[in-house]
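Here is the naming used below: chain letters follow the sequence lines, and residue numbers restart at 1 for every chain.
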Amino acid sequence: MSQKPAIPKGTRDFLPVEVARRTYIFDTIRKAFKTYGFEPIETPSFELSGTLLGKYGEEGDRLIFRILNSGEKMKKADMEALAQENLPRFANSLSEKALRYDLTVPFARFVVQHQNDIAFPFKRYQIQPVWRADRPQHGRYQEFFQCDADVVGSDSLIYELDFVQLFDEVLTDLKLPSFTIKINNRKILSGIAEVSGAADKLVDITVAIDKLDKIGEEGVVKELEEKGVTATAIERIKPLFTFTGSNANKLEMMRTFLASSEIGIKGIEELSFVLDQTAEIGLKRAELEFDITLARGLNYYTGAIFEVKANGVKMGSICGGGRYDDLTGLFGMKGMSGVGISFGADRIYDVLTELELFPEETSKGLTLLFVNFGDKEQALCLKLVRQLRNANVSCEVYPTNSKLQKQMKYANDRNVKYVALIGENELQNGVVQLKNMSSGEQLSVAVDQLVDFEWNV
RNA sequence: GAGGUUGUAGCUCAGUUGGUUAGAGCGUCGGAUUGUGGUUCCGAAGGUCGCGGGUUCGAGACCCGUCUUCCUCCCCA
């Protein structure tokens, strides 16, 4: 009885070449994280439900994968809640663990739990998969990797500065030709709500403004009206819709707009520090843009908000991040400011694939394959393989004395760099025919000089 | 969670108003070719037409359900 092979929606298998390319992305990110002084930690793939639930806004809980209780624990099912159609309570009685939804909330839990074992400001990076019960779409998976770097325990703005450079460094290293780091500040958004006389509608206003480039001015106004924002407040917000110019111009305009809001001005000051200092230090390839419409749904950001978009491709944001002043407060540790960013490795992979930006090396596996001509020849090949492996050259012998054509085809399919041929003649003369599989060139190399061949050129 | 869309060979897809034994290209395997892969030629294998039910003398095609694909919304990496 055979079963049709399939994997759950929103998940993927990875072929060797795909793993090689993903590793290239992870290695590039990891290297930069280390250079910037972050140290790796890991947390479990699943947490207690209570750690995650209620941390991602009203809609968030819906997207968290729950792990069903097993064995005797099944009996804890709250049938009364089911009868009353209280589905959330019923779900909670069925499940006490859940797959992590992101790396930030587990990190906050980690910091509080291990506060006596770590030094503040604590800088950590973490590269692990996360899971979301989202509907899969282009660039949207149910299992994907996040590559996070966060600092907790300092409200210094030099970390915001570091993160802007980190985005720039990693994406430049990955040869991404054009990308924009968008930056905003939650305090500026608060200021807007305050100045408009609708401070209580902060979230609705930011969510609506965030959609400006998608649904246009009319759409935003409509959404604000639907959310119960007053007409006078909307009139005050309207000037922001036509907000253009250089970062310096925008800052000036906002400084005027927010003049009466203390928190708004604080946001302007924070943002201008980051923009000015970044201009001072310079960026390799990134554009840094103050984007007033950048809000992001996560309700725990309190200061800087980041988002990175690759230009010229149809793909949502490839990186995100921001400052959260009291994330650890949820776990009972007050007054710990944190700021962090996340690289969406899977989306970066899709962008690099679309733009054909992966280096050629990532498609090479084996460096050298020895063709098998028979027992005597094989014996010599095995000795040579041993020597080459000691010299870190990846190589192997074809397992049987098959037709040469078949062995060559195998080498071709494996995308090996070189094929070594040692037949009767070569055995007698102590040489190897070395064939470069991409150029087709073939040269004769003495057996005792094989280890010194420049394999990686 | 809401709306739309898709599903036929390993992959990409044909398949007429419902009518005999469901096709092609690519890929795979074998051969032409017993020391040379990517090109060429010949041959072969490979399908419960997503799954379940219904209509019909007859369903790959029509209807219902379900799962899946891709897209829009919500939200996000």
Considering only heavy atoms and no angle criterion, is a donor-acceptor pair shorter than 3.5 Å present between the side chain of A/Q442 and the base of B/rU36?
yes
Does any N or O donor sit under 3.5 Å from an N or O acceptor when you compare the side chain of A/K435 with the base of B/rG37?
yes
Hey, does A/Y141 reach any base, or is it just sugar-phosphate, or nothing, if we go heavy atoms under 4.0 Å?
base
Between A/Y101 and A/Y56, what is the ring plane arrangement, given parallel below 30°, perpendicular above 60°, and tilted in between?
tilted
If each of A/V308 and A/G10 is mapped to the nucleotide of RNA chain B with the nearest heavy atom, which maps nearer the 5' terminus, i.e. the 5' end?
A/G10
Any A/K211 side-chain nitrogen or oxygen under 4.0 Å from OP1 or OP2 of B/rC75
yes
Would you indicate what A/I318 reaches in the nucleic acid, counting non-hydrogen atoms under 4.0 angstrom: base, sugar-phosphate, or nothing?
sugar-phosphate
Using only heavy-atom distances, decide whether a donor-acceptor pair under 3.5 angstrom links the side-chain of A/E426 to the base of B/rG35.
yes
Quick one: which residue pairs count as a side chain to side chain donor-acceptor pair (under 3.5 Å) with a foot in residues 8-20 of chain A, not counting sequence neighbours?
A/R12-A/D346
Side-chain donor or acceptor of A/R347 under 3.5 Å from a matching atom on the base of B/rC76?
yes
Can you tell me how the ring of A/Y418 sits relative to the ring of A/W455, calling it parallel under 30°, perpendicular over 60° and tilted otherwise?
perpendicular
Identify whether any heavy atom of A/G423 sits under 4.0 Å from a base atom; if not, whether one sits that close to sugar-phosphate; answer base, sugar-phosphate or nothing.
base
Between A/K406 and B/rU28, is there a contact of a side-chain N or O with OP1 or OP2 at under 4.0 Å?
no
At a cut-off of 3.5 Å, list every protein nitrogen or oxygen paired with a nitrogen or oxygen from nucleotides 39-45 of chain B, distance to 0.1 Å.
none

Could you give me the stems involving RNA chain B, meaning stretches of three or more consecutive Watson-Crick or G-U wobble pairs whose two defining distances are both below 3.5 Å?
B:1-4 with B:70-73, B:10-13 with B:23-26, B:28-32 with B:40-44, B:50-54 with B:62-66
Intermediate values then yes/no, ring-ring contact (aromatic ring centres under 6.0 Å, His included), A/F163 and A/Y36:
CA-CA 9 Å; A/F163 284 130; A/Y36 280 67; 8.6 Å; no
A/G60 near the nucleic acid: base, sugar-phosphate alone, or nothing, with a heavy-atom cut-off under 4.0 Å?
nothing
Are any protein N/O atoms closer than 3.5 Å to N/O atoms in nucleotides 66-68 of chain B? If there are, list each pair with its distance.
none

Would you mind classifying the nucleic acid contact of A/K309 as base, sugar-phosphate or nothing, using non-hydrogen atoms under 4.0 angstrom?
nothing
Does the pair A/K55/A/E47 count as a salt bridge with the N-to-O cut at 4.0 Å?
no
Going by heavy atoms closer than 4.0 Å, what residues in residues 162-183 of chain A are next to RNA chain B?
none
Under 4.0 Å between any heavy atoms, over every strand shown, what does A/S438 touch: base, sugar-phosphate, or nothing? Just pick one.
base
Applying side chain to side chain contact (heavy atoms under 4.5 Å, CB included) to A/E80 and not counting sequence neighbours gives A/D78, A/Q84
Tell me whether the side-chain N or O atoms of A/R140 pair up with the base of B/rC75 as donor and acceptor below 3.5 Å, since no angle test is needed here.
yes
Which part of the nucleic acid, if any, lies within reach of A/C319 when heavy atoms closer than 4.0 Å are counted: base, sugar-phosphate only, or nothing?
sugar-phosphate
Which part of the nucleic acid, if any, lies within reach of A/Q407 when heavy atoms closer than 4.0 Å are counted: base, sugar-phosphate only, or nothing?
nothing
